[in-house]
Amino acid sequence: MLLLAAAFLVAFVLLLYMVSPLISPKPLALPGAHVVVTGGSSGIGKCIAIECYKQGAFITLVARNEDKLLQAKKEIEKHSINDKQVVLCISVDVSQDYSQVENVIKQAQEKLGPVDMLVNCAGMSLSGKFEDLEVSTFERLMSVNYLGSVYPSRAVITTMKERRVGRIVFVSSQAGQLGLFGFTAYSSSKFAIRGLAEALQMEVKPYNVYVTVAYPPDTDTPGFAEENKTKPLETRLISETVSVCKPEQVAKQIVKDAIQGNFNSSIGSDGYMLSSLTCGMAPVTSITEGLQQGCRADSSCPLCCPDASGVFVVPILGADGKTCLRNRLSGAPGWLSWLSIGLRLRSQSPGGHHGPVPHHCSVLPGKFRQHSPSLHDAESEIGSCRQNCLILTPGEKAVSK
Amino acid sequence: MLLLAAAFLVAFVLLLYMVSPLISPKPLALPGAHVVVTGGSSGIGKCIAIECYKQGAFITLVARNEDKLLQAKKEIEKHSINDKQVVLCISVDVSQDYSQVENVIKQAQEKLGPVDMLVNCAGMSLSGKFEDLEVSTFERLMSVNYLGSVYPSRAVITTMKERRVGRIVFVSSQAGQLGLFGFTAYSSSKFAIRGLAEALQMEVKPYNVYVTVAYPPDTDTPGFAEENKTKPLETRLISETVSVCKPEQVAKQIVKDAIQGNFNSSIGSDGYMLSSLTCGMAPVTSITEGLQQLFHTKSRFRTSLGKSEGLTAPGSNQLGQVAAPPVTQDAAPPSRGPHSTRPRPGAPERHHCSTLVFLNCRPTWHGNPQWLPSTTEVVTMGLFRTIALFYLGSFDSIVRRCMMQRAKSEVADKTA
């Protein structure tokens, strides 16, 4: 009886997987798309601009400092893939005045066409104990991080709704998923971005505009260096429990999720775990995202299977089952998707043999790792991973690559 | 074997319950306590003031409008239980200027002694479509709801930390747990309050100051009536899926949770489900809160957060517990829903930041099999998430329906 129920559930999940390409958001085609990146002159914003540029987009960088903008423009233009691409730089403070921001967007649209994707990456970070922070800090951080995301979004939203296509990306932070010592002002502003995004997504979903919120961890950028100057000891110690990410890595993940229209974008396995925990009532924009909130590949891992833009990578159930064991921790959806993926991979992998798990999960404690079958060594891992990767493009069934 | 394990676990839970009163946050004694309520002249704030007054507290009401303050004062004084109680009224805009707020708190402390409990209830609500809302609204709502909570909290926090006692209550909203159509500006400000509270709790926990965030649903108050004047159709339809609460009910729950030092305060069964779903990484300050969340949520990692806070305490056992933390005298987990047979304590009182490894959770889990989710929890959480997705789906369909109706009426207008 239980077996029957389980079999029914599994069949249902498999059906969902097959149907989902029909009901997921159509991935945004970056070649020729107009991408506006605020805060694009340094850090994560610049890397996102580079990432989009590499895929053929037309970029508009928006920031305050003109010199940094020009430098960033030179750097981005090295990655051009054809001679039509343009990088436009406009200097403005996105948190000051809405009419200025509106003008900037208008200018950009006159030159490069309507905005297809807006990346709200303008932000700053300051930490300190609640009573030690200057009172103006609370207002300043909220102004730059939150209002600096509201104004550009508001400027582009009407056009996006009319054209029935668009992506809005908000760059929050892991501090926007949980409050940390020393981040009273910063966490609040990043939480606010999340609230804005959730409400906005509900409003624009019927218009085929998708909102993505990224939650990057500590990332090695000039902004992070600034933050570290005044960080209290406790915050520094807490931050040391998570490793610092590279902005290129973060940017890659964000762009991938944005194109796909995923609401939550998290980086790394810690990010994934934190996102699962704190996903709460966040919307799900595709069935796969919903199911994957249980089971998802750690795409920041160097051993992970490569994927092209515009496809979503199906998680791999390795020979030792480590990937999905990790995902089992996230609850029932994870468990179900694990089961379904396991069954599907078993049936579709050549000869029923699957490659090893492509990555090490720092989340798993050592003791647990001992219980799993041992991993192959690194080289055969990479090789088998590439061989046995299953990558789905929307509209296609699973194809072994 | 399994039975033995189950029996052991049950015995362990019972032991925790018996030991917990010794290690919980000591409930704040309201008789004689000085409670400051911002936004206390109407709505939920006024009801909270009445509730505290009924239990013997000395109230300071802070709001902008002096007439409303005096009216509220008269209303509150009807509920006095002894003749020493005082209601003090001070008029100020808590969102304008920090120094003004600081002065107000100083005045109140000179008259009624140091602040024991601060209730940040000053707030306003405006809804509308993202592109229809005036641009100044975003700034205004953030200013009143968020900065209007930051400034009073900042003014009282130093004294509370010195005295090693205090409660700070933030009144967020269910819109601060999930984003809803029409609430882009409002949800952001209420989410911000939550972020502030979580970060603040982590800072003040070692000082025996506890932060509570309340998430009331739509409550029958003047503020709500204001909100309804400009509410778009979709938002109204979505709001109708939840019933409107009475402010007295909300106030009672908030005061109860604040006294106990619970971090999350939710009202009603939908509020409870929403809180479970969205508790995420919110801290747990009492064992009952933790247990309740355990029974119903995938709070494994969060309680690990709680445990790891006390991890370096010498003599802590393998589970990282210094001693089993608090249990509330009144809240009974059995009434809340299905039980898991695998309990785990909430956060111990001591806070060792240097070992806060919540994100990787390594030391906490080392050798500790308790992090494996129980079937009950997994199923319940999965169920909650499924229900949540259904709700979100229904909200989306409401929005879509309204959009189509509007398009149809536009076409009809054009052809007419």
Side-chain angles (χ1 to χ4, degrees), chain A residues 98 129-131 135 138-139 142 146-147 150-151 154 157-158 176-184 187-203 205-206 234 237-238 241-242 270 273-274 277-278 280-281 283-284 290 329-333 335-336 362-363 365-367, chain B residues 98 129-131 135 138-139 142 146-147 150 154 157-158 176-181 183-184 187-192 194-203 274 277-278 280-281 298 301 353-354 356-357 359-362 365-367 373 378-379 381-382 385 388-389 392 395-396 399-400 403:
Chain A
Y98 174 62
K129 293 197 340 185
F130 183 52
E131 58 271 19
V135 182
F138 292 89
E139 204 189 319
M142 195 51 86
Y146 168 64
L147 292 178
V150 167
Y151 295 159
R154 213 184 126 94
I157 196 71
T158 325
Q177 293 177 302
L178 85 153
L180 294 168
F181 190 109
F183 283 125
T184 32
S187 275
S188 323
S189 61
K190 292 303 188 179
F191 263 82
I193 288 179
R194 180 187 166 159
L196 170 69
E198 279 191 26
L200 187 60
Q201 174 70 94
M202 201 181 282
E203 292 193 20
K205 188 133 176 242
E234 291 94 334
L237 293 171
I238 291 173
T241 60
V242 194
D270 321 330
M273 187 184 95
L274 193 55
L277 257 181
T278 58
M281 287 282 281
V284 160
L329 304 178
S330 320
W335 183 74
L336 280 176
S362 61
V363 162
K367 187 157 183 187
Chain B
Y98 174 63
K129 288 188 3 179
F130 183 53
E131 59 272 16
V135 181
F138 292 89
E139 204 189 317
M142 195 51 86
Y146 169 64
L147 292 179
V150 168
R154 210 184 131 95
I157 197 68
T158 323
Q177 293 177 303
L178 84 152
L180 293 168
F181 189 108
F183 283 125
T184 34
S187 275
S188 324
S189 61
K190 292 303 188 178
F191 263 80
R194 177 185 168 160
L196 170 69
E198 279 192 23
L200 187 60
Q201 174 72 93
M202 200 181 284
E203 290 190 22
L274 192 54
L277 258 179
T278 59
M281 287 286 277
K298 54 179 179 185
F301 305 114
C353 57
S354 58
L356 205 66
V357 291
L359 281 173
N360 284 328
C361 292
R362 275 182 238 112
W365 290 345
H366 187 67
V378 163
V379 170
M381 198 52 217
R385 182 60 177 155
L389 288 174
L392 284 172
F395 295 163
D396 281 336
V399 171
R400 213 175 280 267
M403 177 181 125

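Bear in mind the structure is a predicted one, so any value in this text is a computation, not a measurement. Each chain gets a letter, A, B and so on, in the order its sequence line appears, and its residues count up from 1.
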**Toward chain A, the part of B:T184 with a non-hydrogen atom under 4.5 Å** = both
**Item:** Part of B:L147 lying under 4.5 Å from any heavy atom of chain A
**Value:** side chain
**Asked** Does A:K190 reach the side chain of A:F183, with side-chain heavy atoms less than 4.5 Å apart?
**Response** no
**Asked** What option among A:K129, A:E131, A:E139 has the most heavy-atom pairs under 4.5 Å with chain B?
**Response** A:E131
**Fill in**
Value for CG (A:L180) from CE (B:M202), rounded to nearest 0.5 Å, stands at 5.0 Å
**Item:** Under 3.5 Å donor-acceptor, B:E203 side chain and A:G182 backbone
**Value:** yes
**Request:** Could you look at A:I157 and say if it's the side chain, the backbone, both or neither that has a heavy atom under 4.5 Å from chain B?
**Result:** side chain
**Request:** For the pair B:F138 and B:F130, name the ring-plane relationship: parallel under 30°, tilted 30 to 60°, perpendicular over 60°.
**Result:** perpendicular
